[in-house]
Amino acid sequence: MKRVLNTVLLIVFVITLNFIIFELMPGTQASISNLVQNPRVFDPTQVARLLKLYNFCKEVTITGPHSYNCVPTTIWDRFSAYFVNMITFNFGDSFQTNKPVLHDMIQTGRLVNTLTLLGVATTVALLIGTLLGVVAAAKRGSIFDSGSVTLSLITFSLPTFWMGLLFIMIFANRLQLFPSGGVTPAYWAIKTPDLLGQFLTRVQYLFLPALTLTLFFYGGNLLLTRATMTEALSEDYSNTGRAKGLPERTVLFKHALKNASLPLVTNAALSFGGLLGGAIITETVFNWDGLGFWLFNAIGWKDYPVMQAMFFIIALCVIAANFISDIFYGILDPRIKYE
Amino acid sequence: MSENTSVPYSLVRFKRFFFNLLRNKKSAAGLTLLSIFVFIAVAGPLLTPYTPLGSVVSAQLNPPSWIVYFTGPLGWSQNAEFTGIKASSITGATLTTTSIGGDSASFSAASGASGGTVEVQKFVTWTYPGPAKRFVTSLSITPGPTILGQTVIATVYLDRFVGGVRDARWNIFDKTIDSNSTFEVNLDSISGDLRVRLGLSTSNIDPAQLIFSRQADYAYALELTLPPSANIDFSLQNFKLQIRGSTWGWLGTDQAGHDILTQLIYGARLSLIVGLLATFIGVGLGLVVGLIAGYLGRIVDEVLMRFTDMMLVIPGLPLLIVLVNVLGPSLTNIILVLGFLGWMGFARVVRSQVLSLRERPFIEAAKASGAGTGYITLRHILPNVVSLTYVNLALSVPAAIVGEAALSFLGLGDQTSVTWGRMLELARESGGSATNLFWWWVIPPGIGIALVSLSFILIGFSLDELFNPRLRRRR
Amino acid sequence: MEEPGVIVAEGLKKYFSLKRGFFETLVSKKDLFVKAVDDISFFVKKGEVLGLVGESGSGKTTTGRLLLRLADPTAGKILYRGKDISHLSARELKPLRREMQIIFQDPFESLDPRMLIKEIVAEPLRIQRVAKNEQELTERVKQILREVELVPPEEFMLRFPHELSGGQRQRVAVARAFVLDPQFVVADEPVSMLDVSIRAEILNLMLTLVQRRGASFLYITHDLALARHMCDRIAVMYLGKIVELGETGLIINQPLHPYTKALIAAVPVPDPTHRRIGDVISGEIPSPVNPPPGCTFHTRCPFAHSRCVNEVPPLIEVEKDHWVSCHLVDRPLTS
């Protein structure tokens, strides 16, 4: 109950923040008047629509190609309208395509592309990170331990986009093993191969971005697993397990990992925001036509409807991830009860 | 405070602390790395004579010169410059030199009844096995007033000599002069005019590649053909021809022929400044919020921590992108935004530390002596929170540096300055597509970012070990 | 009272409200309290050592903190030299703090780890602005360090707490408490964290310092045996109430309250012929959140009867300088 209340509060906060950023900052109004001055890119009807969307004006009449008349609204009018727009997912039309933002997000396959990339990378990173972390904790002090820790420290300090560029240089340009970017090859527009061929090609396109994102994410996971596992292995229940004569593997995975998985789940949820940030960058590097790449293009276009929709949706995803992790926490740890 | 005793002692303590830090392998490596970067950042202008975006040092997109050790010298060249200015008469003229040397010459030429020709030359011996990539010439001629009413033909040649004999000559410029005002000849081999003149308009070959393709002696010559019975003074300035080779320096050049090493050095400066300033802002804010929330408690604490939690949940990079986009991508804005988005985690840590400190008996003891909130915060709470600050400072700098680099990479960097992130953006952008990445341009900034981050992470981790309260209690 | 004490507590109460979630407070209006100190009255005479004895959770530490106004009383009065200090503001209290000091239990926690010994000891002088100049301050610090036998003081002044042993740290804490020459000192289990071998030294040191200044001393402990050696009078606390109060001899030799009897019986006596008086009580001290009604001790008292469950026994003076709160001894003793 308290969690739900908190989550609702958070959503209100995000919408308010979004509103403040886009409405009160001097840039927005100025750029809208820029749009008005620059009909080469944006026609006045679009500006009028935009002003309506932001609720700057109660009524807009277009008086000429460069001018409009506006009956201004109060800030509360704007906020309430904006609030309703946001929670009903009415984000307006994209400047780039003049189509509804939601259409550009879903029908174009961007959402699916991003989810594919994120899903694959997160799963692999969690699996590898946890597994290596467990082994490192079990063999604490060994070469494997220090090696994997050093490696994850290194991938931790390398910027994601740089790793992506390196992979493109090595695997795409030099070795020609993978395409350097994109989601599907251009010739698919003319002739699509059979399903197996489609699948293999898609995997080929997915490989490098997924690898980059995985490397971005697995290091933190490994370090955390190692730390919590080291602690768990020194606890009494682990020693009891060993004393009972259980094989080390059972102690590791059945006893210690089960108890160490709590912080892992929490961390996965908390780092979800960072992961989305990594996805924006990775998608940009590999021209992966997902939400992040879309946001990147929206920046160049000053496509405000897309930008704020993306900001809102990303924040919403993170809030949802936190909420889910809280519930998971309750399931994993029977001591925690929610009213 | 008794300056005479406690100050030296705190110095002793600092020294001891510093040596502890050096004794730790990790932090010693981190400190060494960091001091190298700080040196590079501070001594930047002493390390390189160029400016990151102002000086064109060689041809565009040259790999580093040491590439020849891997590929063999074949096909590669470096910069060369014509030297040894010489003026002489060729036919039917007498030449009186008033001064000559460096890039300039002054002389008067007197022609006979059938006219005459004089010549000013500079020479170079092309020793590289590969062709040049580009050349740039400059020359300004000021004839004396006696030229008025007469015409002089000025021609610029490039001559090739093999075994002391001229085996080729390229006419790269000519002009008829009839006034005594200065005129300049600035040629760039990449320009279309020169290509057309040399019959290369349909090929991709740069005139420099055509001309400087053999190991031979070359002359850069200005010929002045005088009318009959003339006596004219000439003053030559800036008589230069730079040949740009196909490799350059330690780290090569970018799209416009700028020195990448210089960009890297100046980038270290900006990246460190951005990282440190943003972190100072973030840590300062976190410290203030944490202290206030922790010490005042109650409603203030509740409100501040609720706000902090909300800010923590908002995804960082999208908010950064949106804010920088709205505020405008200047370096100051980026620093401010990075700073103002980097305080939440630290505020929580400080708050919990203050909460636990507040209950400690030594605070009670101070209260029992009549100490007020201000005194306790300044003398007891703050000094006990400072160690956390060091750790957090060290661990936040990499985040800020990478954050700036990511913003720059997304095209939201300061367009007027060269940070490491912006170098990477330029490297990616200039290629036009991802298939055109140049390793000498892409790798160095990334390694820079990684090493600086690593040094701070190493220092931060060992500081954490040093200050860890669990370890401290055991002492 | 024919002889008013330096410090007097009258009907002193301290309730802590239990912190509950925001949501819980919406649901139920009733607030829960921990009755740490529940209506106690006593006094400490000039130059007297009063022992406050009780189990952990009995409220003895809170009582000490209340007397020094380190905690604000929920109800009741604290009189210092006849002046009610229970509602004074921090500023009004500041001059009085010069005369009242406290020594804490844990010498590892009571000294700021980031301050030099000199600064720790000088802190009260600085806060109270007692010393005229830096030189006088240093001199006073040296003098008190000599008094607590941290010699040579020059050597100890420039050390940090973690460079000292537990006993030395507690000496520093004692020095800090006595540097202002206080008239009333509270010592909260000052030796319970120390090695047994040095306890006596520290206790004797404190007694000497107290006597030299003619100060009053409230000695809080769970150890009746130590209190017996230290104190002129002893007060026994149980669940926030004083159950018995009197001269040390009377308390030790003729305890009247069953709880006191049990405490004394629990003290090991190096005498094989010694017989135990009364029964040893069992069980643990009940939660002060929801203390038992009537006499709070009735849940563990071997002599409890129906009256004990329903009626709170008053603290009455059963003989001169001997007060008891028990239904078994509800009228003055006839000798």
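Every chain is numbered from 1, with letters handed out A, B, ... down the list of sequences. All values below were derived from every heavy atom in this structure, side-chain atoms included, with hydrogens, water molecules and symmetry-related copies excluded. Just so it is clear, the model here is predicted, and its values are computed rather than measured.
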Options [options], ranked by heavy-atom pairs under 4.5 Å with chain A, top entry:
| options | result |
| --- | --- |
| B/I457, B/L412, B/I443 | B/I443 |
| B/A399, B/A406, B/G421, B/P445 | B/A406 |
| B/G411, B/A405, B/P398 | B/A405 |

When heavy-atom pairs shorter than 4.5 Å are enumerated against chain B, which of A/I281, A/L276, A/I299 gives the highest number?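 It is A/I299.
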With chain B as the partner, which of A/L165, A/L158, A/I154, A/L9 has the greatest number of non-hydrogen pairs under 4.5 Å?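 Ranked by heavy-atom pairs under 4.5 Å with chain B, first place is A/L165.
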Measure the spacing between [atom1] of [X] and [atom2] of [Y] and express it to the nearest 0.5 Å.
| X | Y | atom1 | atom2 | result |
| --- | --- | --- | --- | --- |
| A/W162 | B/F409 | CH2 | CZ | 12.5 Å |
| B/L454 | B/I447 | CG | CD1 | 12.0 Å |
| A/I319 | A/T7 | CD1 | OG1 | 7.5 Å |

So what's closer than 4.5 Å to chain B heavy atoms on A/L17: side chain, backbone, both or neither?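 When you check distances to chain B, only side chain atoms of A/L17 fall under 4.5 Å.
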Is it the side chain or the backbone of A/A172 that comes within 4.5 Å of chain B heavy atoms, both, or neither?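 Neither part; nothing is under 4.5 Å.
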Considering only heavy atoms, which portion of B/L410 lies under 4.5 Å from any heavy atom of chain A: side chain, backbone, both, or neither?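 Both the backbone and the side chain of B/L410 come within 4.5 Å of chain A.
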Measure the acute angle between the ring planes of B/W343 and B/F307, then classify it against the limits of 30° and 60° as parallel, tilted or perpendicular.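 Because their plane-to-plane angle is under 30°, the rings of B/W343 and B/F307 count as parallel.
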Would you please indicate if the ring centroids of A/F286 and A/F167 are separated by under 6.0 Å?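 Aromatic pair excluded; centres sit 6.0 Å or further apart.
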A/L213 to A/L275 - nearest heavy-atom pair and separation: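 That closest heavy-atom pairing would be CD1-O, 4.3 Å.
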